Protein chains: 2
Amino acid sequence: MERNTQQRQAILKAFERAERPLGVQEVLELAQGDCPSLGVATIYRNLKALVVDKKLITVDMPGGLTFYEIPGIHHHHHFSCTNCQKVFDVEKCGINVKNLVPNGFTLQRHEVLLFGFCDSCTQTAS
Amino acid sequence: MERNTQQRQAILKAFERAERPLGVQEVLELAQGDCPSLGVATIYRNLKALVVDKKLITVDMPGGLTFYEIPGIHHHHHFSCTNCQKVFDVEKCGINVKNLVPNGFTLQRHEVLLFGFCDSCTQTAS
DNA sequence: AAGCTAATGATAATAGATTATCATTAAGTG
DNA sequence: CACTTAATGATAATCTATTATCATTAGCTT
């Protein structure tokens, strides 16, 4: 992954525009706007390389789907829309997780996952 | 699922003894203690039926693995050991999740996932 | 105990996500 | 511009979890 291809630029641009974590299919569709011939294999190859390069980080969601996002400075969590399946960042994290850890256990990291309707799906449903 | 077979009893007994969420392979191994001929197909069939009967609930973990547990009365969360891959209940939930929900979003439920070493793996590592 | 048939167990089949293959394309260098 | 080769794109292959198939076993009712 050394050459700065149009495909790779289109993939990064998709994340910059979306401003939220994206799944593989979402990246494919968005990046095809700039680069119509893009195939899934290229998406997977670039996502993997971008994660190695720390240009992206992975967000594993229940159900086995992996999302990717541009690494942010702040600790944050995720909101998963149960209607449109999109994932959004939740900026605040006012949790005292240390209290939750059972005795004798060692905490490495934590995830808070919120599920519900995003703003767009909330409006549609009402 | 009407007959009270030895297999089904062995599966439920595995959950009662484990006192924590179990994955399919764990259920298989534990239940085979009571019923050695048990096959995976029977595990899947019974787990599905037990969830329909509300004797078990599912716990979806990142990575796509589904765990199952006996439904408890209290709201709780889960700790996943990154060493032995076992999942444990975390009884307390002192979180004010409502503060985290973005404007316009509708919250349905939330999950708090803790990752690290369980007590047994913490001791082994030290 | 006999009979009906739900449930089982071994295994093939399926499904979805990800990876490998390989001929072709195009970045970057001189 | 020409060349080298990394990267691409189409698709086959793989992997893992789960489900379907079907002959056999064993609950349960009488």
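A, B, ... follow the sequence lines: proteins, then strands. Residue 1 opens every chain. Heavy-atom basis, side chains included; hydrogens, waters and symmetry copies ignored. Just so it is clear, the model here is predicted, and its values are computed rather than measured.
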Checklist entry - Is it true that B/E2 and B/R8 make a salt bridge, defined as a side-chain N closer than 4.0 Å to a carboxylate O? => result no
Next on the checklist: When the axes are fitted on five pairs at both termini, how much does the helix from C/dA1-D/dT30 to C/dG30-D/dC1 curve, in 10° steps?
Outcome noted: 40°
Item to check | Result of checking A/R20, A/K86, A/Q85 against A/E26 for side chain to side chain donor-acceptor pair (under 3.5 Å) | outcome: A/R20
Checklist outcome for this item: On DNA chain D, more 5' by nearest nucleotide between B/A41 and A/A41 is A/A41
Checklist outcome for this item: Given protein heavy atoms under 4.0 Å, the one-letter contact record of nucleotides 23-30 of chain C, with B base, S sugar-phosphate only and - none, is simply ---BBS--
Next on the checklist: Between A/Y44 and C/dT19, is there a contact of a side-chain N or O with OP1 or OP2 at under 4.0 Å?
Outcome noted: no
Item to check | Rounded distance [0.5 Å steps], SG in A/C118 versus CZ in A/F79 | outcome: 7.5 Å
Checklist entry - In whole angstrom, what separates A/Q9's CD from D/dT8's C1'? => result 15 Å
Next on the checklist: Whether the side chain of A/H77 engages the backbone of A/V112 through a donor-acceptor N/O pair (distance < 3.5 Å, no angle test) should be reported.
Outcome noted: yes
Item to check | B/V24 reachable from B/L30 in the ILVMFWY side-chain graph, under 4.5 Å edges | outcome: yes
Checklist entry - Just checking, any donor-acceptor pair under 3.5 angstrom between side chains of A/H78 and A/E69? => result yes
Next on the checklist: Nearest whole Å is fine: how far is C/dT18 P from A/F67 CZ?
Outcome noted: 10 Å
Checklist entry - With hydrophobic residues grouped by side-chain heavy-atom distances under 4.5 Å, do A/L50 and A/F15 end up in a single group? => result yes
Item to check | Phosphate OP1/OP2 of D/dT18 contacted by B/K48 side-chain N/O (<4.0 Å) | outcome: no
Checklist entry - Does A/T82 reach the main-chain N or O of A/F115 with its side chain, forming a donor-acceptor pair under 3.5 Å? => result no
Item to check | Proximity to DNA chain C (any heavy atom under 4.0 Å), residues of residues 30-39 of chain B only | outcome: B/S37, B/L38, B/G39
Checklist entry - So which nucleotide from C/dT18, C/dA17, D/dA10 ends up closest to the side chain of A/T66? => result C/dT18
Checklist entry - Can you tell me how far the CD1 atom of B/I11 sits from the CG atom of B/L38, to the nearest 0.5 Å? => result 5.5 Å
Checklist entry - Can you check the A/I43 CD1 to D/dG9 C1' distance for me, whole Å? => result 11 Å
Next on the checklist: What is the separation between atom CZ on B/R45 and atom P on D/dA17, rounded to the nearest whole Å?
Outcome noted: 19 Å
Checklist outcome for this item: Between CG of A/N46 and P of D/dG9 the distance, given in whole Å, is 9 Å
Item to check | Salt bridge present between B/E19 and B/R17 (N-O < 4.0 angstrom) | outcome: no
